[in-house]
Student: 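Please read through the structure below; I'll follow up with questions.
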There are 2 protein chains.
Amino acid sequence: MSKSAKPPPSRSASKPPVRKRAARPSVVPRAAKGRTTTSPKTYHHGDLRRVLIAAALELAEEGGADAVSVREAARRAGVSPGAPFRHFPSRNDLMSAVAEEAQRRFRVSIAAAIAGTSADDPLARFRAFGMAYMRWAMTNPAHFEVISSGKYFSHDQSEALREDNDELIAMTEQLLMDALAQGQLRSSDLRVIKIAGRALVYGFARMKIDGHFPRWGVADAEADQMAEAIITLFVDGIAKPV
Amino acid sequence: MSKSAKPPPSRSASKPPVRKRAARPSVVPRAAKGRTTTSPKTYHHGDLRRVLIAAALELAEEGGADAVSVREAARRAGVSPGAPFRHFPSRNDLMSAVAEEAQRRFRVSIAAAIAGTSADDPLARFRAFGMAYMRWAMTNPAHFEVISSGKYFSHDQSEALREDNDELIAMTEQLLMDALAQGQLRSSDLRVIKIAGRALVYGFARMKIDGHFPRWGVADAEADQMAEAIITLFVDGIAKPV
DNA sequence: CGTGAATGTAATCACCGATTACACAATTGA
DNA sequence: TCAATTGTGTAATCGGTGATTACATTCACG
């Protein structure tokens, strides 16, 4: 038993026989049309694409992005292993769809955080942006990984993904331009500030997700407060001294 | 992650029965005692462990960390698929060994960079440290990923890995303490500076590796110069103003 | 209705990691 | 010297996965 401690999940690892699908007579499609409010079980699923994405999101939450398998998603959707092929030609296509949904949620979260700050203080908004970024990543590590790891899709593959991402980038640029216009910054090299800020929040989020915190002496309970501290340090560093 | 690491290796070109065992590198230990004429192949490889690690490093370089497969490493070593099991009970154990070797090289590179700076200026050393960190990561992306992704091993599994890592952490702490003692810092919260600095360089390295640079308008050719710029921005931000 | 386009099933294939029984070599020590 | 022990590679097999094709069923629309 000892050896099965908990190796970073390799998908091919143990698959406890938990998959008991309610015995589905594979060729008794129609049948109960009348009343069964439970499971009409039609031959055609009807909403497979959506259900597959949901299942994949769930799998990612449970075991990390690498734990997502097309077959398992199909199992959870109650269809055959080949069925997803109709909707997603490859696993990467599924992951792209997952990424789209995850990124959509991400953006909603960011937008909400920014909306709660004053438009009169661009630097404060910039700070709130960074905080919201790190918070969401730490709260949804697997989804964040799908979005950002660059291993599951290319931006060239998804118009929505690319647009969403570009919009976030444009937002940071706008905030920095406003801050500069209001004389809040001590440097005018916005490009460098933009990349540095992004690297900071992305790096912090990945440190959490990649399990670096224990080695660096950051307890999970104080991660949020540490995020506040580093974004404050950064913003103070770029702000024009009073 | 059982297999999908190799997306479309069109099956035909994939593996013609070419076992490139020709000219097995490094030591062919005994064997060559009497008749090296026909087949220097001994039943016992003699140095399989080392060769497997080398092959895995090579595979990582070629196709990323996920492209490393035990079977392919065995193929390149000219042994049967089960042979590696004698030396590495699991793929993760192989990857841990790969990580150890990669981390050793990483540390050598860092040490060399630091040695080239003056001990009288801790902040300059801190800066050089960060630069060396980002440079090595960008030069050896796959190896860096194996070390840092946290997906291939746990620090609990490898004494050497843990010690190497702790030493790097201790080094940053020492540098910051020295800098503070010399009055180079405007803040005395070294812990926050430490985490923020680490997040910055790690985040920048991962942005490069994860393919974020194009979206953020950073050309490959200027990545090094951008690294210089952001570490400068950061150091200026924490330095006591003159 | 009836027919064609969608959509799911079944059956394969190749690859992978893991594991076991077995074969062979190298080392040891009496 | 030589037999036994220990170490190391081979062969065979298992279950899991992504991909792909031929076939079955159903739906939607004329």
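Here is how names work: the chains are called A, B, and so on, in the same order as the sequence lines, proteins then strands, and each is numbered from 1.
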Student: Please give, in whole Å, the distance from D/dA11 C1' to B/R86 CZ?
Tutor: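 The answer, rounded to whole Å, is 12 Å.
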Student: For A/H87 and B/F88, take the nucleotide of DNA chain C holding the closest heavy atom to each; which residue's nucleotide lies nearer the 5' end?
Tutor: A/H87
Student: Taking atom P of D/dT17 as reference, at what distance in whole Å does atom CG of A/N92 sit?
Tutor: 17 Å
Student: Whole Å only: how far is the CZ atom of A/R49 from the C1' atom of C/dA6?
Tutor: 15 Å
Student: Just verifying a value: how many Å separate B/R91 CZ and B/S96 OG, rounded to the nearest 0.5 Å?
Tutor: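 Between B/R91 CZ and B/S96 OG, I get 10.5 Å after rounding to 0.5 Å.
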Student: Given D/dG9, D/dT17, C/dC16, which nucleotide is nearest the side-chain atoms of A/S69?
Tutor: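 For A/S69, the side-chain atoms sit closest to D/dT17.
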Student: Under the side-chain hydrogen bond (donor to acceptor under 3.5 Å, both in side chains) criterion, do A/D66 and A/Y152 qualify, and how do the steps go?
Tutor: CA-CA 10 Å; A/D66 282 339; A/Y152 304 111; 2.8 Å; yes
Student: Measuring from the side chain of B/S90 (C-beta onward, heavy atoms only), which nucleotide among D/dG9, C/dA18, D/dA19 has the closest atom?
Tutor: C/dA18
Student: Provide, to the nearest angstrom, the distance between the CE atom belonging to B/M95 and the P atom belonging to C/dC16.
Tutor: 14 Å
Student: From CZ of A/R91 over to P of D/dT20, roughly how many Å is that when rounded to an integer?
Tutor: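 Distance, rounded to whole Å: 15 Å.
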Student: So how far is it from A/K208 NZ to A/T139 OG1, rounded to the nearest 0.5 Å?
Tutor: 8.0 Å
Student: Between A/D47 (CG) and C/dT7 (C1'), how many Å, whole number?
Tutor: 13 Å
Student: When you match A/R71 and B/F85 each to their closest nucleotide on DNA chain C, which lands nearer the 5' end?
Tutor: A/R71
Student: For A/L59 and D/dT17, give me the distance from atom CG to atom P, rounded to whole Å.
Tutor: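 That distance rounds to 10 Å.
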Student: Which one, D/dT10, C/dT9, C/dG17, comes nearest to the side chain of B/S80?
Tutor: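 Between D/dT10, C/dT9, C/dG17, the one nearest the side chain of B/S80 would be D/dT10.
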Student: Out of A/H155, A/Q103, A/R107, which residue meets the side-chain hydrogen bond (donor to acceptor under 3.5 Å, both in side chains) rule with A/D164?
Tutor: A/R107
Student: Measure CD/A/E72 against C1'/D/dA19 and give the value in whole Å, please.
Tutor: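 A/E72 atom CD is separated from D/dA19 atom C1' by 18 Å.
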